[in-house]
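Heads up, the thing below is written out as structure tokens.
Per chain, numbering begins at 1; letters A, B, ... match sequence-line order.
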There are 2 protein chains.
Amino acid sequence: MTTSQRSTANLRRIDLSRATGCNVETIRYYETIGILPSPPRTAKGYRVYDHEHVSRLGFVMRARELGFTLEEVRGLLSLVDGDGLTCGEVQRRAQAHLDDVAARIADLQSIQSVLAGTVAKCTGKDVPECAVIDALMPA
Amino acid sequence: MTTSQRSTANLRRIDLSRATGCNVETIRYYETIGILPSPPRTAKGYRVYDHEHVSRLGFVMRARELGFTLEEVRGLLSLVDGDGLTCGEVQRRAQAHLDDVAARIADLQSIQSVLAGTVAKCTGKDVPECAVIDALMPA
DNA sequence: CTTTACCCTGTATCAACTACAGGGCGTAGA
DNA sequence: TCTACGCCCTGTAGTTGATACAGGGTAAAG
């Protein structure tokens, strides 16, 4: 018996941070704001996680990587948790987020073109006249 | 004498908020963090601005619109204020910011393609199976 | 003289975490 | 068995770039 069962309480306890790559403080933060459920504790107060927690945190992390806000993630989770989950509703929310991403890309691209245009006018020399400053500073 | 000089103190007093379109609270915030200098005050404690302030705040607002952080703005302002302003240095900082913008666009575009791909797999119907959820939720 | 519109200070709030202080606990090696 | 190390616990404060509000003063118009 290598990893034997000495007290059933600690059987297959999982280090959630290591299993997901998520920062411990972030896990605790998700717990306090109700994104993750409070796990059971050992007699000494240590949190005990199982595979459900790993799965749920994985969902949260993937959604965050795709740029969903925590409120949007909360909304998606409530669809998953409750019986109100329908593909149509999820698709609607994902599409709304996609529109948002597209708008942010457009904003950044217009910034990019203005900025690139101004930088291109710079001489880049060791002189105090600068096209970037002139462009930013009102007369 | 229409806008006559009755006490020199209030001569040509400027409403900085109206002149720039910047929120009053934001102006005060910029003052407390040292982005804008503390203006002189009237006897009753009202701030009195001049065209220098308008110009400086305009600079800050334009730079912010182009996505510079306040710390980057502070750096550009210190170049303008001190005698250390050279076109080369400004160009270097603007280019660094431009690289940053490009990286953020690339990130958003990869999010966009992943998300668009998943949403496209949705049936969009009133059923509880959803391709988006499946893609986000680990096995 | 009163109303309205603005100004003042100071503090709290938002998102999404991160960092730290100050303490307890568990385990590995000597 | 002692001790050192590393991790866990709670609670609080800091980050960025503002915004909002409470509670009070003042300036200018009718």
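How far CG of A:L136 is from CG of B:L66: 6.5 Å, rounded to the nearest 0.5 Å. Here B:I27 contributes atom CD1 and B:N23 contributes atom CG; the two are 7.5 Å apart, rounded to the nearest 0.5 Å.
Every side chain to side chain contact (heavy atoms under 4.5 Å, CB included) that A:P39 has, sequence neighbours left out, goes to A:E31, A:R47, A:Y49, A:H53. In this structure A:K125 satisfies the side chain to side chain contact (heavy atoms under 4.5 Å, CB included) test together with A:T123, A:V127, sequence neighbours excluded. Under the side chain to side chain contact (heavy atoms under 4.5 Å, CB included) criterion, B:S78 pairs with no residue at all, not counting sequence neighbours. Not a single side chain to side chain donor-acceptor pair (under 3.5 Å) links A:D134 to another residue, sequence neighbours left out. Shown here are the side chain to side chain donor-acceptor pair (under 3.5 Å) partners of A:E71, two or more places apart in sequence or in another chain: A:R74. Considering only residues two or more places apart in sequence or on other chains, B:R93 meets the side chain to side chain donor-acceptor pair (under 3.5 Å) condition with B:E89.
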Evaluate A:Y29 against A:L36 for side-chain contact (heavy atoms from CB on, under 4.5 Å), listing each step before the verdict.
CA-CA 9 Å; A:Y29 171 66; A:L36 293 182; over 6 Å; no
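With respect to A:D81 and A:R56, a salt bridge is recorded, a charged nitrogen being found less than 4.0 Å from a carboxylate O.
Under a 3.5 Å cut-off, the side chain of A:T20 and the backbone N or O of A:L16 do form a donor-acceptor pair.
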Between the protein and nucleotides 24-26 of chain C, which nitrogen or oxygen pairs are less than 3.5 angstrom apart?
residue : atom : partner : partner atom : Å
C:dG24  : N2   : A:Y46   : OH           : 3.1
C:dC25  : O4'  : A:Y46   : OH           : 3.4

Produce the list of close N/O pairs, under 3.5 Å, pairing protein atoms with atoms of nucleotides 11-13 of chain C; give distances to one decimal.
none

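Using a 4.0 Å cut-off on heavy atoms, none of the residues of residues 57-72 of chain A approach DNA chain D. Only at 4.0 angstrom or more do the heavy atoms of residues 104-113 of chain B sit from any atom of DNA chain D, so none qualifies. Of the residues in residues 20-41 of chain A, A:R28, A:R41 come within less than 4.0 Å of DNA chain D through at least one heavy atom, sorted by number.
Applying the side chain to side chain donor-acceptor pair (under 3.5 Å) test to residues at least two apart or on different chains, the pairs with a partner in residues 98-119 of chain A are A:Q95-A:D99.
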